[in-house]
> 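Below is the structure I would like to discuss, written out as structure tokens.
Since the model is a prediction, treat every value here as computed from it, not as a measurement.
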Amino acid sequence: MVEWVPQAGALYERVHQQYVGGARKLEALINELIGEEEGINYLSATARAKDPESFLAKAAKPHPDDPARPKYDDPLNQITDLVAARVITFLVEAVDRVCEVIEAEFEIVEHTDMGAHTRAQGVFGYASKHYLVRLNAHRRELPEYAVLKNLVMEIQVRTAVQHAWAEFEHDIRYKLDIPPDRKPEFDRRFLLAAALMELADNEFTEIDRLYRELAATASDKAPLDLTTGTLTTYLNRRYPDAPHAKTTHYAWILGVLARLGVTTEEQLTDLLTGIDSAAVQSAMTHRAPAGTVRRLDDDLLAAKGATYLDLFPTEERRQKILRGRLKALVRAGIVTP
């Protein structure tokens, strides 16, 4: 081990809690951007600070071209996953939507599409999308993000199927010393599992397409009372091209509708009569295609105008977001000032 590596490890241990706080900030920011603002349907978005033991192990790695010298001359500034986040989605299309948000909201230092890399080699394998990012200029000036101001961070985005494969593969390949004569057997089985992983992601996408197709042609004789199930079907009929929202978001918008006195499909249809949803979306500035719940939220704002904000008297951040959208609708002539 290089002499100064333990000193770097000791320094990182002293400042580690600052990075833990930074990870919490990054996690909250990502959840806010992809969940609250964009309404993307995803499984989880988490962030962590690298633990001191892992930092020390990485800082001690030799240079690949010269084992006599260290890989990192300044590990605290050169190691890029001191704070790292991972977003896991259900469907591949949601991965693309999350990536659009990341590319719009962060400064991109580096982007690696592992799926494109494996496809270019004509094989199956890891298909995650990796980003090295910095906060954008606006957030770097905000006191709440001070600990992240000059930090390069890592964000990975992948489906739940890809995540399961990657975690299992990592545990086997990197935590077990596989004898050379057994390595081809492991490689072959991991390759087969990777092919099944891609097949599973494709089939989930196709199942989602079939579900949308069925929901769009579902009989209007379905139950009239609004529940999470009937509302989901209703919104898929109204917005057949919109991505699904998170399950919790359907429950949330049901509560909003209840505050409006809307408890049946018929009442909701009456409320939205005359609303040109396509025009509403054209007026908006969503970075990614809005999900079904976000589409309904926008249409309700168009239908109710400024009075829609009165439903959220104590939610300052939501009121601010809605005021911005309302201005867009007024500019487009959809809502009268």
> Using a 3.5 Å distance criterion without hydrogens, assess whether the side chain of Arg134 forms a donor-acceptor pair with backbone atoms of Arg140.
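Between the backbone of Arg140 and the side chain of Arg134 there is no qualifying donor-acceptor contact (under 3.5 Å).
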> Looking at Lys246, I want to see if its NZ is surrounded by more than 12 non-hydrogen atoms of other residues, nucleotides or ligands under 6.0 Å.
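Yes - once you tally the heavy atoms of other residues, nucleotides and ligands closer than 6.0 Å, there are more than 12.
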> Got Tyr42 and Ile88 here, is their nearest side-chain heavy-atom distance under 4.5 Å?
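Of all side-chain heavy-atom pairs linking Ile88 with Tyr42, none is under 4.5 Å.
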> Restricting to non-hydrogen atoms, name the atom on Asp74 and the atom on Gln78 that form the minimum distance, rounded to 0.1 Å.
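What the structure gives for the nearest pair is N-OE1, 2.7 Å.
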> Before giving the answer on side chain to side chain contact (heavy atoms under 4.5 Å, CB included), spell out for Glu105 and Arg139 the whole-Å C-alpha distance, their side-chain angles and the decisive distance to 0.1 Å.
CA-CA 10 Å; Glu105 291 291 340; Arg139 291 194 181 91; 2.9 Å; yes
> Do the side chains of Asp225 and Thr230 get nearer than 4.5 Å, heavy atoms only?
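The answer is no; the side chains never approach within 4.5 Å.
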> Classify the angle between the aromatic ring planes of Tyr12 and Tyr19 as parallel (below 30°), tilted (30 to 60°) or perpendicular (above 60°).
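Ring orientation, 0 to 90° scale: tilted.
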> If we ignore hydrogens and angles and just use 3.5 Å, is the side chain of His111 paired with the main-chain N or O of Val133 as donor and acceptor?
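No, because the side chain of His111 does not come within donor-acceptor range (under 3.5 Å) of the backbone of Val133.
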> Does atom CD of Glu316 have more than 12 heavy-atom neighbours from other groups under 6.0 Å away?
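For Glu316, atom CD is not crowded (no more than 12 foreign heavy atoms under 6.0 Å).
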> Determine the minimum heavy-atom distance between Gln267 and Gly261, stating which atoms define it.
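Scanning both residues, the minimum pair turns out to be OE1-O, 3.5 Å.
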> Can Leu192 be reached from Met197 by stepping across I, L, V, M, F, W or Y side chains whose heavy atoms are under 4.5 Å apart?
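Met197 and Leu192: separate clusters.
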> Sub-3.5 Å donor-acceptor pair from the side chain of Glu185 to the main-chain atoms of Arg182, do we have one?
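Side chain of Glu185 to backbone of Arg182, a donor-acceptor pair under 3.5 Å: no, none is there.
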> Is there side-chain contact between Val256 and Tyr308, with at least one heavy-atom pair below 4.5 Å?
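SC-SC contact between Val256 and Tyr308 confirmed.
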> Do Leu296 and Leu257 come close enough that some side-chain heavy atom pair is under 4.5 Å?
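Side-chain contact under 4.5 Å: yes.
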> Walk me through whether Leu135 and Lys149 qualify under side chain to side chain contact (heavy atoms under 4.5 Å, CB included).
CA-CA 7 Å; Leu135 292 178; Lys149 183 173 183 177; 5.6 Å; no
> Is it true that Glu206 and Arg209 have a side-chain N and a carboxylate O under 4.0 angstrom from each other?
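Salt bridge: yes.
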> Between Gly305 and Val335, which heavy-atom pair has the shortest distance, and what is it?
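Scanning both residues, the minimum pair turns out to be CA-CG1, 4.2 Å.
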> Between CZ of Arg238 and OG1 of Thr269, what distance do you get to the nearest 0.5 Å?
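Arg238 atom CZ to Thr269 atom OG1 measures 7.5 Å (nearest 0.5 Å).
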> Can you tell me how far CD1 of Ile40 sits from CG of Leu91, rounded to the nearest 0.5 angstrom?
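Answer for the CG-CD1 pair, Leu91 versus Ile40, is 12.0 Å.
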> Which heavy atom of Ala302 sits nearest a heavy atom of Val280, and at what distance?
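Scanning both residues completely, I find the closest heavy atoms to be CB-CG2, 3.8 Å.
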> Tell me, do Lys58 and Lys71 make a side-chain contact under 4.5 Å, heavy atoms counted?
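They are not in side-chain contact.
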> Is it the case that one hydrophobic cluster holds both Val147 and Val15, taking links as side-chain heavy atoms less than 4.5 Å apart, direct or via other members?
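Yes: a chain of side-chain contacts under 4.5 Å links Val147 to Val15.
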> Any side-chain donor paired with an acceptor under 3.5 Å for Asp310 and Thr307?
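No, because no side-chain N or O of Asp310 sits under 3.5 Å from a partner of the opposite role on Thr307.
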> Could you measure the distance from the CG atom of Leu26 to the CD atom of Glu154? Nearest 0.5 Å is fine.
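Leu26 CG to Glu154 CD: 11.0 Å, rounded to 0.5 Å.
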> Between Phe90 and His244, is the ring centroid distance below 6.0 Å?
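When the ring centroids of Phe90 and His244 are compared, they turn out to be at least 6.0 Å apart.
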> Could you check Leu43 against His163 for side chain to side chain contact (heavy atoms under 4.5 Å, CB included), going step by step and ending with a plain yes or no?
CA-CA 11 Å; Leu43 177 61; His163 177 67; over 6 Å; no
> Quick one: CG on Leu322 to CZ on Phe312, what's the gap to the nearest 0.5 Å?
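It is 6.0 Å, given to the nearest 0.5 Å.
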> If you count the non-hydrogen atoms of other residues, nucleotides and ligands that lie under 6.0 Å from CD in Glu13, is the total more than 12?
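Open.
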> Measuring from Leu301:CG to Leu309:CG, what's the distance to the nearest 0.5 Å?
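It is 6.5 Å, given to the nearest 0.5 Å.
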> Under the criterion side chain to side chain contact (heavy atoms under 4.5 Å, CB included), I'd like the reasoning laid out for Leu132 against Phe106: C-alpha separation, chi angles, the key distance, then a yes or no.
CA-CA 9 Å; Leu132 294 181; Phe106 292 89; over 6 Å; no
> Got a salt bridge between Glu103 and Lys129, using NZ or NE/NH1/NH2 to carboxylate O under 4.0 Å?
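Here Glu103 does not pair with Lys129 in a salt bridge, since their nearest N and O are not under 4.0 Å apart.
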> Report yes if some heavy atom in the side chain of Arg295 is under 4.5 Å from a heavy atom in the side chain of Leu235; otherwise report no.
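They are not in contact (no side-chain heavy atoms under 4.5 Å apart), so the answer is no.
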> For Gly291 and Ala242, which heavy atoms make the closest approach, and how far apart are they?
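Looks like C-CB, 4.1 Å.
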> Measuring from Asp201:CG to Arg158:CZ, what's the distance to the nearest 0.5 Å?
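CZ of Arg158 is found 12.0 Å from CG of Asp201.
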> So, the side chain of Asn31 versus the backbone of Glu27: is there a donor-acceptor pair under 3.5 Å, distance only?
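Pair found, side chain donor or acceptor close to backbone of Glu27.
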> Are Glu38 and Val98 side-chain neighbours, meaning at least one heavy-atom pair lies under 4.5 Å?
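Glu38 vs Val98: side chains apart.
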> Using side-chain heavy atoms (C-beta onward) and a distance below 4.5 Å, is Asn236 in contact with Thr232?
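With C-beta onward as the side chain, the pair touches.
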> Is Phe55 reachable from Tyr72 through a run of hydrophobic residues whose side-chain heavy atoms are each under 4.5 Å from the next?
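Yes, it is one cluster - the side chains of Tyr72 and Phe55 are joined through contacts under 4.5 Å.
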> Do other residues, nucleotides or ligands put more than 12 heavy atoms under 6.0 Å from the CD atom of Glu53?
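Open.
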> Please give me the minimum heavy-atom distance between His249 and Gly35, naming the atom from each residue.
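Heavy atoms only, the tightest pair is CE1-O, 3.3 Å.
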> Report whether Tyr239 and Leu271 are members of the same hydrophobic cluster (ILVMFWY, side-chain heavy atoms less than 4.5 Å apart, transitive linking).
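Linked, Tyr239 and Leu271 end up in one cluster.
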> Got a sec, which residues hit side chain to side chain contact (heavy atoms under 4.5 Å, CB included) with Leu254, two or more places apart in sequence or on another chain?
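So Leu254 forms a side chain to side chain contact (heavy atoms under 4.5 Å, CB included) with Leu226, Thr228, Leu231.
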> When clusters are formed by joining ILVMFWY residues with side-chain heavy atoms under 4.5 Å apart, either directly or through shared neighbours, do Val20 and Met153 land in the same one?
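Different clusters: Val20 never reaches Met153 through Ile, Leu, Val, Met, Phe, Trp or Tyr contacts under 4.5 Å.
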> Taking Val157's backbone N and O only, do any of them form a donor-acceptor pair with Ser128's side chain (distance below 3.5 Å, no angle check)?
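Confirmed, Ser128 side chain pairs with Val157 backbone.
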